[in-house]
Amino acid sequence: MKIASWNVNSIRARIEHVKRFLARQSPDVLLMQELKGEVFPAEIFEPLGYHSAAVTQKTYNGVAILSRTPIEVACTTLPGDAEDSHARFLETRIGGLRIANIYSPNGNPPGSDKFLYKLAWMDRFFIELHHWLADGIPTLIGGDFNVIPEDIDCHKPSSWMKDALFQPEPRQRYRDWLAMGYTDAFRHFHPEERDQFTYWDYFRRAFETNRGIRIDHFLLSPSLVARAQSCVIDREPRTEEKPSDHTPILLDLN
DNA sequence: ATGTCGCCTCATAGGCGA
């Protein structure tokens, strides 16, 4: 089972990119983030053999899942704050797995209300992860986590020191999730590998010079680790015309 | 501070979020 995750930075602007990715990689499941629009074009993907489920809002955020097999939607909001209307969370069941798609808050600049929202969102997600461990359903979480886990996950730590994605508080929360028992799939297969990124700024020729960060992740519950065969970053979509600033990660599961 | 995208509107330029 091949599962991919990709922050497309507007589904409308990236339809042709996504179609090319599906044709080339033929994933069984694709998680997408930052749809940036109220309407999700499910009709585009049906003829290509994909079921879909989406959580959207106007202008901002938005997450969707494509799957070759039917999707059962379990939850469309992150529990813990009834006032929270951001489209950032989609929990599903696909083929006996819990597959959750998240778009964790960016939180810039540090110290702002947006930063506090990021930390609160991550605290709420911790509680959800805790419940999921307890119920024993094999669980895969994928998405844009907006966290640079370790120094080797960015080209140059000093350039990210003032960025919300690199602050001690969100990084500690990500480590708490790992300490709870979840495995960062990419690091599981590439424990020491440097210069492996999923996001590059549009400016300053960041992609051409590989000055990026690794912020798109797959987390595996303990029961899934032995079933994971590989986890790689596919840089090809980032080389195309008018690309998203992110590129997909891919997980192969037995 | 800046660079570059994509979205939206008190819309064809500028603000916001990333």
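Worth saying up front: this structure is predicted, and the values here are computed from it rather than measured. In what follows, chains carry the letters A, B, and so on, assigned in the order in which the sequence lines appear, proteins first and then strands, with residues in each chain numbered from 1.
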Could you give me the CA-CA distance, side-chain angles and deciding distance for Ser104(A) and Met122(A), then say whether side chain to side chain contact (heavy atoms under 4.5 Å, CB included) is met? CA-CA 8 Å; Ser104(A) 179; Met122(A) 294 183 79; 4.1 Å; yes
Report the C-alpha distance between Leu219(A) and Tyr174(A) in whole Å, list the side-chain angles of each, state the deciding distance to 0.1 Å, and finish with yes or no for side chain to side chain contact (heavy atoms under 4.5 Å, CB included). CA-CA 10 Å; Leu219(A) 294 186; Tyr174(A) 186 82; 3.6 Å; yes
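In this structure, a donor-acceptor pair under 3.5 Å is absent between the side chains of Asp163(A) and Gln167(A). Between the side chains of Thr76(A) and Glu91(A), no donor-acceptor pair is found at a separation under 3.5 Å. Side-chain contact, Thr198(A) with Asp216(A): a donor N or O sits under 3.5 Å from an acceptor N or O. Of the N and O atoms on the side chains of Lys36(A) and Asn9(A), at least one donor lies less than 3.5 Å from an acceptor on the other residue.
Look at NZ on Lys118(A): it is 15 Å from P on dG17(B), rounded to the nearest Å. Rounded to whole angstrom, the span from the CG atom of Asn7(A) across to the P atom of dG17(B) amounts to 17 Å. Between the CZ atom of Phe115(A) and the P atom of dA18(B) there is a distance of 14 Å, rounded to whole Å. Counting to the nearest Å, the P atom of dA18(B) and the NZ atom of Lys162(A) are 20 Å from each other. One atom, CD1 of Ile15(A), and another, P of dC7(B), lie 11 Å apart when rounded to the nearest Å. Rounded to an integer number of Å, the gap from CG of Asn108(A) to P of dT2(B) is 17 Å. Regarding Glu34(A), its CD atom lies at a distance of 13 Å from the C1' atom of dC16(B), rounded to whole Å. Straight-line distance from the NE2 atom of His17(A) to the P atom of dG6(B): 8 Å, rounded to whole Å.
Comparing dG6(B) with dC10(B), their P atoms are spaced 23 Å from each other, to the whole Å. Separation of the P atoms belonging to dA11(B) and dG15(B) is 14 Å when rounded to the nearest angstrom. Of the P atoms belonging to dA1(B) and dC7(B), the separation is 29 Å, rounded to the nearest Å.
Contact check, Lys114(A) against dA18(B): a side-chain N or O comes under 4.0 Å of OP1 or OP2.
If you check every strand for non-hydrogen atoms under 4.0 Å, Arg14(A) touches sugar and phosphate atoms only. Within 4.0 Å (heavy atoms only), Phe207(A) reaches no atom of the nucleic acid at all.
Near DNA chain B, defined here as any heavy-atom distance below 4.0 Å, the residues from residues 196-203 of chain A are Tyr202(A), Phe203(A), listed numerically. Contacts with DNA chain B (heavy atom under 4.0 Å) in residues 233-245 of chain A: Lys242(A), listed by number.
Comparing Asn61(A) and Lys58(A) by the nucleotide of DNA chain B that holds the closest heavy atom to each, the one mapping nearer the 5' end is Lys58(A).
Of all non-hydrogen atoms in Ser26(A) and Tyr50(A), the two that sit nearest each other are C-OH, 4.0 Å.
Ion pairing between Glu169(A) and Lys118(A) fails under the 4.0 Å rule for side-chain N and carboxylate O. Electrostatic pairing of Arg171(A) and Asp151(A) counts as a salt bridge here, judged by a charged N lying under 4.0 Å from a carboxylate O.
Checked against dG6(B), dG17(B), dC8(B), the side chain of Tyr60(A) finds its nearest nucleotide in dG17(B).
In the hydrophobic clustering, Val39(A) connects to no other residue, as no ILVMFWY side-chain heavy atoms lie under 4.5 Å from its own.
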